[in-house]
Amino acid sequence: MDLTVVILVEMLYAVASLILISAGLAVVFGMMKVINLAHGEFMMMGGYATITAVNLGVNIFVAMLIIAPLVVGLIGLVVERLVIRHLYGRLVDTMLATWGLSLFFIGLATMIFGNTTTGISTPIPGFAIGNYQINGYNFFIIVVAILLLIGMLSILKATRAGLIARGAMQRSDMAAALGYSPDRIYMATFFCGSALSGLAGAVLAPLVGLVPTSGGAYIAKAFITVIAGGPSLIAGLFSSAGFFGVVNQIFTFAISPVIGEVALLVAAVVLLRLLPQGITGKFFKGKL
Amino acid sequence: MSLNRRKFFASTAALAGASMLPRAVMAADTIKLGSILDTSGIFDAYGKPMDMAARLAVDEINAAGGLLGKQVEVVAYDTQSDMALYSQYGQQLTRQDQVDVVHGGILSASREAIRQTMRKTRTPYFYNVLYEGGVCDRNIFINGVTPAQQVEALVPYAMGKSGKKVYILAADYNYGQITARWIQKFVADNGGETVGVDFFPLDVSDFGSTIAKIQSVGPDLVIAPLVGGAHLSFFRQWAAAGMKDRIPLASTTLGVGNEHKVLTPEEGNGIMVAYNYSQELDTPANNAFKEKWADAYGDSNLIHEIAVSNYQGVMTWAEAVRQAGSMDRDALIAALESGLSIDGPAGKITVDPKTHHAVLDVHIMEIEDQGMKVIETLPQRQPIDTQAVCDLSANPDDNTQYEIEI
């Protein structure tokens with residue numbers, strides 16, 4: 001019984017961390033069609049921003065939830081102005097440019113922080129479920145992921161800014177004809193996407209040993225989740241993260257963590273063979 | 001005078017050639033020590049202190065008058081954590097620079113990339129890193145601890161402090177696989193039982209499900225030969241789940257690159273390890289070594305296990321040159337095979353003539369406030385794993401890395 005609860009919590013946690021890892025990319029790639037290969041590095045910088053802020057004496061929650069997204073968002077803003085805005089609509093070129101950016105950021109982080117592992121400890125103590133000890137921080141990540149989804153949904157669906165952004169992503173010429181500047185909208189959207197990546201890197205930072213190349217560990221999962229999710233932003237993110245997280249954890253518990261990772265990849269291949277447009281290409285059509 | 005491009009290159013080439021001449025003449029008056037290490041890139045946390053240690057050793061040798069009346073000159077190449085550069089620089093060191101000895105290599109892959117070059121060119125090679133054991137080659141000398149030396153000491157101690165049921169979490173490549181096998185053997189030898197073994201690729205950083213799984217099995221002890229930054233997350237998540245005070249932890253790798261200084265005291269305290277060296281080793285030799293290091297580089301925080309191994313490797317070679325009385329390779333190897341030993345910062349290191357591995361002190365330690373507190377010292381442990389497969393006095397032409405069957 002206790003074990004069932006623990007496994008359920010771990011599954012929820014796996015789903016939540018996939019949602020976090022992929023949210024920024026879902027905005028940048030899913031909405032804006034920019035293949036951001038530097039997504040992992042944005043997360044890495046979120047982690048470093050958090051650790052630096054905490055070492056400077058800032059409260060860890062402020063550092064994770066406010067400072068890191070802001071810092072990475074601003075970096076994203078600079079990147080958008082200097083590089084990305086020249087490349088909208090040129091899918092392959094963005095790939096090359098952001099790959100270069102990813103190498104650049106790894107180099108930069110190495111120069112500033114050195115090539116050693118750094119980290120901070122989790123701010124929430126573990127607690128017991130029956131006979132099992134469980135990482136209390138898992139719940140924090142689950143809560144953050146839920147709030148994130150609700151926040152994204154309400155901004156995109158219920159606010160005027162969200163409506164404008166969605167409109168501009170679909171038909172930027174029409175948005176321009178109606179008097180909105182697509183350039184500005186793209187800039188703001190990229191800022192949000194980067195900030196989300198920064199947030200993900202920040203909240204995951206206390207769980208890992210951070211090195212400048214840490215981003216590489218996330219990038220594949222993020223792309224798999226977003227691509228398998230399909231055209232709908234939030235429904236896609238939620239359904240594919242849910243599917244992969246559960247598959248991963250079932251095999252991890254039943255066999256081993258390695259098989260869990262393999263199962264995730266096999267599931268992705270099979271899924272894309274059956275649903276080439278992603279989950280939301282077939283189900284939840286037209287949802288956000 | 002009109003200077004076109006061709007003339008310019010011709011004259012500068014001549015000049016450059018001329019300026020190299022005196023060096024070539026001078027070279028005969030120095031002994032060349034080749035050093036090949038990753039001092040940049042992802043392994044630089046290992047390589048940089050190793051490089052510093054080698055230079056410290058050479059400076060010390062030179063300050064004491066050099067070897068055979070000659071100064072020792074370091075010819076160093078940075079392989080940038082790129083295995084392909086090892087073969088290239090290995091060739092350069094032996095063929096172009098014609099060094100007298102090579103020290104270096106960090107990962108086992110890098111050692112294997114240059115070992116045959118060293119053998120073919122008859123350049124004595126010192127590999128000064130703890131590794132999985134089993135290399136049998138008369139041209140190479142290895143002074144790092146091997147799994148059996150570590151595990152033989154660590155397992156009985158850790159089991160004594162906890163209990164008989166052991167769970168193993170290991171990195172999924174040859175080091176982790178081989179070490180896990182040794183742990184299983186020594187657990188069984190000490191009357192215990194291995195209740196689970198899990199292997200993790202080097203990029204796995206989420207151990208939540210593993211931690212739950214361990215609890216459902218309920219071992220008395222977890223031994224974790226995990227490697228690298230991603231795997232460091234395990235120790236963090238283990239502590240975050242509040243498991244640290246419930247099931248004791250031991251590791252054969254934590255701290256080799258000073259990882260224990262990244263973990264907070266709450267996360268690291270109490271983890272049991274066994275190595276040849278600890279900064280907290282309170283011996284006159286180590287205190288003097290730390291002082292020398294601090295004089296040369298500001299502070300002694302960067303010193304770690306394999307930096308000290310590298311220092312001891314250079315010192316062992318220097319002692320062998322003194323005893324051999326010449327730079328001849330065969331005389332040098334004969335001197336090393338005479339059971340030569342030195343006293344390094346980590347204690348006495350003796351060359352085992354049969355395997356060219358090292359007989360050395362193994363210290364059982366517990367991590368305490370980001371240091372490694374020495375609990376017990378097991379003096380002069382034999383490299384029993386490699387000894388079981390390798391006998392260079394019987395087969396001097398052996399040139400294999402054995403996979404040790406247990």
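Computed from a predicted structure; not experimentally measured. A, B, ... follow the sequence lines: proteins, then strands. Residue 1 opens every chain.
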Applying side-chain contact (heavy atoms from CB on, under 4.5 Å), can you list everything that pairs with B:Ser233, at least two apart in sequence or on another chain?
A:Val208, B:Ser205, B:Phe207, B:Gln237
Where does [X] contact chain B at under 4.5 Å (heavy atoms): side chain, backbone, both or neither?
X: A:Tyr137; answer: neither
X: A:Ile120; answer: backbone
X: A:Asn131; answer: backbone

Which atoms of B:Thr210 are under 4.5 Å from chain A, going by heavy atoms: the side chain, the backbone, both sets, or neither?
side chain
For B:Phe235, is it the side chain, the backbone, both, or neither that has a heavy atom closer than 4.5 Å to a heavy atom of chain A?
neither
Just checking heavy atoms, which of residues 38-53 of chain A are less than 4.5 Å from chain B?
none
Treating B:Glu280 as the side-chain partner and B:Lys373 as the backbone partner, does any N or O pair qualify as donor plus acceptor under 3.5 Å?
no
If we ignore angles and hydrogens, is there a donor and acceptor under 3.5 Å between the side chains of B:Thr79 and B:Asp38?
yes
Got a sec, which residues hit side chain to side chain donor-acceptor pair (under 3.5 Å) with B:Asp51, two or more places apart in sequence or on another chain?
B:Arg55
Top residue by heavy-atom pair count (under 4.5 Å) with chain B, among A:Val211, A:Ile134, A:Asn138?
A:Ile134
Ranking A:Ala217, A:Pro206, A:Gly136, A:Ser121 by heavy-atom pairs under 4.5 Å to chain B gives rank one to A:Ser121
So, applying side chain to side chain contact (heavy atoms under 4.5 Å, CB included) with A:Ile21, which one of A:Leu204, A:Val226, A:Ile219 is it?
A:Leu204
Quick one: which residues of residues 257-271 of chain B reach chain A at under 4.5 angstrom, heavy atoms only?
B:Val262, B:Thr264, B:Glu267
Heavy-atom closest pair, residues A:Val72 and A:Ser194:
CG1-O, 3.3 Å
